[in-house]
A.B. asks: 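So that we are looking at the same thing, I have put the structure below in C-alpha cells.
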Amino acid sequence: MLWSKAFIPTLKEVPTDAQVKSHILMLRAGLIRQLCAGIYTFLPLGWRSMLRVMDIIREEMDAIGGQEIFMPSTTPLELWAETGRDADMGEIMYRIEDRKGTAFALAPTHEEVITDIARGEIRSYKELPQVWYQIQNKFRDEPRPRSGVLRVREFLMKDAYTLCADEEQLHEEYKKQEMAYRRIFDRCGLQYFVVGASSGLMGGTGSEEFMVPSESGEDIIATCECGFAQNLEVAKSVPTKVRWKDADKAKVHTPEQRTIEQVSEFLGLPEGQLLKSLLYITQSGKPVMACLRGDHDLSEDKLQSAVGEAVRPAEPEEALKITGAPIGFLGPISLADKLEIIVDSAVEDEMPFATGANEVDYHITGYSLADIGKHRRADIRAVAEGDLCIACGKKLDLVPTIEIGHIFKLGTKYSKPMGATFLDEEGTAKPIQMGSYGIGVGRILAGAIELFADEDGICWPITIAPFEVIITPVNVSDEAVMSVAMAIYEELIDEGVEVLLDDREARPGVKFKDADLIGAPIRITVGKGVKDGVVELIDRKAKESENVPIEDAVEKTLELWDRLFAELSDL
RNA sequence: CGGGGCGUGGCGCAGUUUGGAAGCGCACCUGCUUUGGGAGCAGGGGGUCGGAGGUUCAAAUCCUCUCGCCCCGACCA
C-alpha cells in the first residue's frame, strides 16, 4: 500500500474526548472514529487489524472442530421471553418494533437463537457434540459507554456455542475452548490472566474470564504469584487479623461521628473492631443488613449471591424508617426480627465490636455476634489490599484488567426452558448441555495497545499489525532514494509481507512521527545512507536499529519478520 | 439514574465574568525556499459560536428549555 493513496487520518493533537491510552492512540493513529457515544467506525487501518485478529480466531476455532455460522441481529422478543431474559436484560437490550407493531430486540448475545436452531434440528446423541461459532455485532444499550472501544454499545464479538450430550462432554468441549482461547491470545501477543468469574446474566454452572492487565480496565482481579487468580466479584482471600482490645458493654455518646474512620478515632478502637452495618433493599422490597469488619468493604456482587436476588443500598429516609436512626448510626442489635442480618464470615465470633446504636449520635461497644440474635454468616466482603492467598498464603495483588474473553458452562439453563432436547442411547429425552464462549474482537486491539504502546505511539504485535513493515523514503524527490525504496517494497510484497510505503511529500520528521504512531513493528528508512549503499532497519518495539547494505535489506527484514512471528507463535 | 465538566472553522483552544466588528495555533490550498524527528516566508479559503425560544437598539456572551459529548459513581456478558 502506498501511503499517498491510503486513508490514514492521523492526529497530531489529543482529542479532548479521549482519556484512556488505547482510545487516544486509536483516534490519533486513524484506526477509528466515533459516530456517537459508544458507537465507532473502524477505518482502514483499524479494520485491517480487526481482520487479522478474526483470521487468528477462525483458525483456532476451526482447529477444535468449530463450524462458522452467521446469525441475525434482529430477533423476535418472544424468543427472549421463553428464557425470561427479556426481563433479566432490562434496558441493556435495544427494543424495536416492525411496521406491524411486533416487538423485536437487537441481539445482545445469541444463546436463545442458538438454542432455537438446536431444538429444531438436533434429535440424537449421535449428532453431539456440535461446536458452532460466529463473528458478529452485538448490541447493548450500556448505561455508560466509555473508554473508547472498551465499553461500547455496538461491537464485534466472536461467540461460540457447544452443544453436548452430558456434563463430561461439556467439560471436554469447555476445556478445548479454553485451550483455543489461550492460543488465540498468545498468538495476538497479549499478556493475560485466566480468572474464576461470576456468570452474571449468562447463568450456568461456572465461568472463567481472560483478562489483560491495564490501568484502563474496569474489572479488578486478585492474583497471586502461585498462579491463583480470581475476579474480585467472586474472589476469596484470607483476611488480615484484627488486634482487638477488650471492651465492656456500653452505650457511648458519639455526636456527629458517622464514618468508620471518625468512630474508630473517637473510640480509640482499630477500624477492624468496628462492625460496619449497611442497609440494603432487595428487589422484592425486603430490607437486609450486611455487617462487616470496619476495615472491609462490601462486595455487592457477593451480597446479591448470598441474598439470591438483586439488591440496592437503602435510601437515607428508608434507613431512618426501618432502624430509627440515620445512616452512620446503624447496627444489627435488636433488629433480628425486623430484617435479615447477614454477617461477613471474616468477623470473628469472640471479638467485642463497636457499632451503631440505632439512635442518633450513639454507638455501642463491647457487643459480640452472640448478642445479635438470629443472623446468617456468608462471605460478602470484597478482597482487600493486603489480604492473603487462600491457596498458598502469600500476599495477593489487586490488578485492574480488561475482559477480552469469557467462557461459560451454561448447562441446561437455555435448553430446558426452550425444550432443546435429544434422545440418548436409552431413547430418553434429555436437555442439551450447552456452553457459550465469547471474545471481544475490538478489545483485543485495545488491550494490545494498552499493553505495548510507548510515548511515541502504538507498538503492534506483528501478528495483528495493520502493516508489518513501513518503508520511509526520507525524500521522495530524490530519485536514488525512491528507486531503492520501491525495489525493497516490491520484493517484500512478493515475499508475502504486508508493507506500507510512505511516499508522501512530507518532511522526514512528519513521516517518522506517523510511522511510530501507527506502530508498524518494522521500519525501513531509506535516506542519506543510500549514497553509501545502506538503509536503516528498525525494530519499533525494541527501539533497535542497524544499517544494512541495500542488497541485503530484504533478507534482513525477513529475518526480523520471522523472528517477531516466532516470538508469538508458540507457547 | 445521581454528581461534575464541556459544546466557538477539520483538530486543539481564547473570547462568556462586565452584551458592542468572531479570533489564535495546527491542518488545508497556491508560490518560492527547505529535506534524517511534527520546516520558513508570502498569499489564500473555510465558522448561522450545538439547537429552539426569550430579554435587548444590539447576544458566542444574559434568561428559559432542549440536544449531544466526556469524566466519577450506580450498572455492566
Side-chain angles (χ1 to χ4, degrees), chain A residues 9-20 23-24 27-28 30 33-39 85 88-93 107-111 138-148 150-153 155 157-159 197-204 207-211 216-219 231 233 280 300-301 304 310-313 315 402-408 410 413 436-440 443 455-457 472-478 481-482 502 504-517 523-531 534-536 538 545 547:
Chain A
T10 58
L11 264 26
K12 188 146 71 170
E13 291 179 277
V14 179
T16 30
D17 281 352
Q19 323 283 328
V20 308
H23 188 197
I24 291 170
L27 289 169
R28 286 194 55 210
R33 285 295 181 266
Q34 184 182 59
L35 181 62
C36 58
I39 299 182
R85 284 215 295 181
D88 293 347
M89 288 283 177
E91 300 197 293
I92 280 285
M93 203 148 69
T109 174
H110 279 86
E111 281 75 19
K138 298 286 185 262
F139 299 84
R140 297 184 188 176
D141 191 0
E142 291 287 344
R144 183 149 93 83
R146 62 177 152 236
S147 309
L150 287 180
R151 181 157 295 279
V152 282
R153 299 195 289 173
F155 61 100
M157 181 192 244
K158 186 286 303 183
D159 46 323
S198 151
S199 325
L201 274 179
M202 303 294 290
S207 82
E208 282 163 294
E209 289 173 320
F210 294 76
M211 314 295 279
S216 309
E218 299 180 302
D219 286 290
N231 194 306
E233 292 166 351
Y280 275 77
E300 286 191 7
D301 293 294
Q304 299 201 11
V311 296
R312 61 166 176 85
E315 300 293 333
I402 298 165
E403 177 189 358
I404 51 170
H406 200 157
I407 57 179
F408 301 85
L410 300 174
K413 167 163 171 141
S436 130
Y437 316 86
I439 291 178
R443 283 185 179 179
E455 59 283 1
D456 295 315
T472 309
V474 162
N475 182 351
V476 292
S477 49
D478 182 325
V481 165
M482 268 316 272
D502 190 353
R504 293 175 299 170
E505 280 188 50
R507 297 177 62 79
V510 173
K511 296 189 183 193
F512 293 149
K513 289 289 184 191
D514 271 349
D516 287 344
L517 182 60
R523 188 174 98 210
I524 301 168
T525 303
V526 184
K528 64 188 177 192
V530 166
K531 64 180 188 300
V534 297
V535 296
E536 192 183 5
I538 299 145
S545 71
N547 285 324

A.B. asks: Report yes if at least one side-chain N or O of Thr16(A) is closer than 4.0 Å to OP1 or OP2 of rC70(B); otherwise report no.
C.D. replies: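 No, Thr16(A) has no side-chain N/O under 4.0 Å of OP1/OP2 on rC70(B).
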A.B. asks: P atom, rG47(B) versus rG23(B): distance in rounded Å?
C.D. replies: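 Rounded to whole Å, the distance is 12 Å.
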A.B. asks: If you check the Arg523(A) side chain, which of rG25(B), rC26(B), rG37(B) turns out closest?
C.D. replies: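 It is rG37(B).
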A.B. asks: Looking only at atom C1', what distance separates rG19(B) and rU56(B), rounded to whole Å?
C.D. replies: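 9 Å, rounded to whole Å.
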A.B. asks: For Gly438(A), which contact category applies under a 4.0 Å heavy-atom criterion: base, sugar-phosphate, or nothing?
C.D. replies: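 No contact at all - Gly438(A) keeps every heavy atom at 4.0 Å or more from the nucleic acid.
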A.B. asks: To the nearest Å, how far apart are Asp17(A) CG and rG12(B) C1'?
C.D. replies: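 One finds 12 Å between C1' of rG12(B) and CG of Asp17(A), rounded.
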A.B. asks: I want to confirm an ordering. Mapping His23(A) and Lys513(A) to their closest nucleotides on RNA chain B, which one lands closer to the 5' end?
C.D. replies: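 It is Lys513(A), whose closest nucleotide lies nearer the 5' terminus.
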A.B. asks: For Pro15(A), which contact category applies under a 4.0 Å heavy-atom criterion: base, sugar-phosphate, or nothing?
C.D. replies: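 Sugar-phosphate contact only.
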A.B. asks: Between rA74(B) and rC63(B), how far apart are the two C1' atoms, rounded to whole Å?
C.D. replies: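 The answer is 33 Å between these two C1' atoms.
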A.B. asks: Rounding to an integer number of angstrom, what distance separates rG44(B) and rG9(B) when you compare their C1' atoms?
C.D. replies: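 Comparing C1' positions in rG44(B) and rG9(B) gives a spacing of 15 Å.
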A.B. asks: Work out how far the C1' atom of rG73(B) is from that of rG12(B), and round it to whole angstrom.
C.D. replies: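 Their C1' atoms lie roughly 29 Å apart.
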A.B. asks: Between P on rC70(B) and CD on Gln19(A), what's the gap in Å once rounded to a whole number?
C.D. replies: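 Going from CD in Gln19(A) over to P in rC70(B) covers 9 Å.
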A.B. asks: Grab the two heavy atoms, one from Val474(A) and one from Val481(A), that are nearest each other, plus how far apart they are.
C.D. replies: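 In terms of heavy atoms, the two residues are closest at N-CG1, 4.1 Å.
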A.B. asks: Just checking, is any N or O donor in the side chain of Thr109(A) or Glu111(A) under 3.5 Å from an acceptor N or O on the other one?
C.D. replies: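 Distance-only check passes for Thr109(A) and Glu111(A).
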A.B. asks: Over how many whole Å does the gap from Arg504(A) atom CZ to rU35(B) atom C1' extend?
C.D. replies: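 That distance rounds to 15 Å.
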A.B. asks: According to a strict under-4.0 Å criterion, is Gln34(A) in side-chain N/O contact with OP1 or OP2 of rG68(B)?
C.D. replies: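 No.
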A.B. asks: Could you tell me the Watson-Crick or G-U partner of rG43(B), where both distances fall under 3.5 Å? Say none if there is no partner.
C.D. replies: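 Matched rG43(B) with rC29(B) under the 3.5 Å cut-off.
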A.B. asks: Categorize Ser147(A) for me: base, sugar-phosphate, or nothing, with a 4.0 angstrom heavy-atom threshold over every strand shown.
C.D. replies: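 Sugar-phosphate, no base atom in range.
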A.B. asks: With P as the reference atom in both, quote the distance from rU64(B) to rG5(B) in angstrom, rounded to an integer.
C.D. replies: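 Their P atoms lie roughly 16 Å apart.
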A.B. asks: When we call it a touch if two heavy atoms are under 4.0 Å apart, what does Asp514(A) touch: a base, just sugar-phosphate, or nothing?
C.D. replies: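 Base contact.
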A.B. asks: Sort out the partner of rA58(B) for me: Watson-Crick or G-U wobble, both distances under 3.5 Å, none otherwise.
C.D. replies: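 Looking at the geometry, rA58(B) pairs with no nucleotide.
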A.B. asks: Does the structure show a Watson-Crick or G-U wobble partner for rG9(B), both distances under 3.5 Å? Name it, or say none.
C.D. replies: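 Matched rG9(B) with nothing under the 3.5 Å cut-off.
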A.B. asks: Determine which nucleotide pairs with rU16(B), using a 3.5 Å limit on both distances of a Watson-Crick or G-U wobble pair.
C.D. replies: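 Across all strands, not a single nucleotide pairs with rU16(B).
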A.B. asks: Nearest 0.5 angstrom please: Arg28(A) CZ to Asp514(A) CG, how far?
C.D. replies: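 Reported value, rounded in 0.5 Å steps: 9.0 Å.
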A.B. asks: Evaluate Glu142(A) against Arg153(A) for salt bridge (charged side-chain N to carboxylate O under 4.0 Å, His left out), listing each step before the verdict.
C.D. replies: CA-CA 6 Å; Glu142(A) 291 287 344; Arg153(A) 299 195 289 173; over 6 Å; no
A.B. asks: Charged N to carboxylate O below 4.0 Å: is that the case for Arg146(A) and Glu218(A)?
C.D. replies: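 So Arg146(A) pairs with Glu218(A) through a salt bridge.
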A.B. asks: Provide, to the nearest angstrom, the distance between the CG atom belonging to Asn231(A) and the C1' atom belonging to rC76(B).
C.D. replies: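 In whole Å, rC76(B) C1' lies 12 Å from Asn231(A) CG.
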A.B. asks: Determine the Euclidean distance between corresponding P atoms of rG2(B) and rC57(B); express it in Å to zero decimal places.
C.D. replies: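 Per the computed distance, 39 Å lies between those P atoms.
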A.B. asks: In Watson-Crick or G-U wobble terms, both distances under 3.5 Å, what is the partner of rG53(B)?
C.D. replies: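 Answer to the pairing question: rC63(B), which forms a Watson-Crick or G-U pair with rG53(B).
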A.B. asks: Calculate, to the nearest 0.5 Å, the distance between atoms NE2 and CG belonging to His110(A) and Asp159(A) respectively.
C.D. replies: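 CG of Asp159(A) is found 6.5 Å from NE2 of His110(A).
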A.B. asks: Are the side chain of Lys158(A) and the backbone N or O of Tyr437(A) linked by a donor-acceptor pair below 3.5 Å?
C.D. replies: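 Flag set: sc Lys158(A) to bb Tyr437(A) pair under 3.5 Å.
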A.B. asks: Let me know, please, whether Glu536(A) or Met157(A) comes out on the 5' side of the other along RNA chain B by nearest nucleotide.
C.D. replies: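 Its nucleotide being nearer the 5' end, the pick is Glu536(A).
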A.B. asks: Take the protein atom CD1 of Ile92(A) and the nucleotide atom C1' of rA74(B), then report the distance between them rounded to whole Å.
C.D. replies: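 My rounded result for the distance is 13 Å.
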A.B. asks: With a 3.5 Å cut-off and heavy atoms only, can you find an N or O donor on one side and an acceptor on the other between the side chain of Asp516(A) and the base of rG37(B)?
C.D. replies: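 Per atom types, the contact qualifies.
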A.B. asks: Does Arg153(A) reach a base, just sugar-phosphate, or nothing at all? Heavy atoms under 4.0 Å.
C.D. replies: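 If one applies the 4.0 Å heavy-atom cut-off, Arg153(A) turns out to touch nothing in the nucleic acid.
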A.B. asks: Heavy atoms only, 4.0 Å cut-off, all strands: where does Gly529(A) land among base, sugar-phosphate and nothing?
C.D. replies: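 Gly529(A): base contact, heavy atoms under 4.0 Å.
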A.B. asks: Distance check needed: rC70(B) C1' versus Leu35(A) CG, whole Å only.
C.D. replies: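 Going from CG in Leu35(A) over to C1' in rC70(B) covers 16 Å.
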A.B. asks: Is it the case that the base of rG2(B) and the side chain of Arg312(A) share a donor-acceptor contact (distance under 3.5 Å, atom types as modelled)?
C.D. replies: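 Side chain to base: no pair present.
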A.B. asks: Using whole Å, report how far CZ of Arg146(A) lies from P of rC69(B).
C.D. replies: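 To the nearest whole Å, that distance equals 15 Å.
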A.B. asks: For residues Asp502(A) and Thr472(A), is any side-chain donor paired with an opposing acceptor at under 3.5 Å?
C.D. replies: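 Their side chains do not contain a donor-acceptor pair, so the 3.5 Å distance test is not met.
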A.B. asks: Is the base of rG4(B) touched by the side chain of Arg144(A) through a donor-acceptor pair closer than 3.5 angstrom?
C.D. replies: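 Flag unset: no donor-acceptor pair detected.
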A.B. asks: Tell me: CD of Glu142(A) to C1' of rC70(B), nearest whole Å?
C.D. replies: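 So the two atoms are 16 Å apart, to the nearest Å.
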A.B. asks: Which one, rG36(B), rU35(B), rG25(B), comes nearest to the side chain of Ser477(A)?
C.D. replies: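 Output: rU35(B).
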A.B. asks: Taking only the P atom of each, what is the distance from rU33(B) to rG20(B) in whole angstrom?
C.D. replies: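 Per the computed distance, 46 Å lies between those P atoms.
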A.B. asks: Taking a pair as Watson-Crick or G-U wobble with both distances under 3.5 Å, which nucleotide is matched to rC1(B)?
C.D. replies: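 Its partner is rG73(B).
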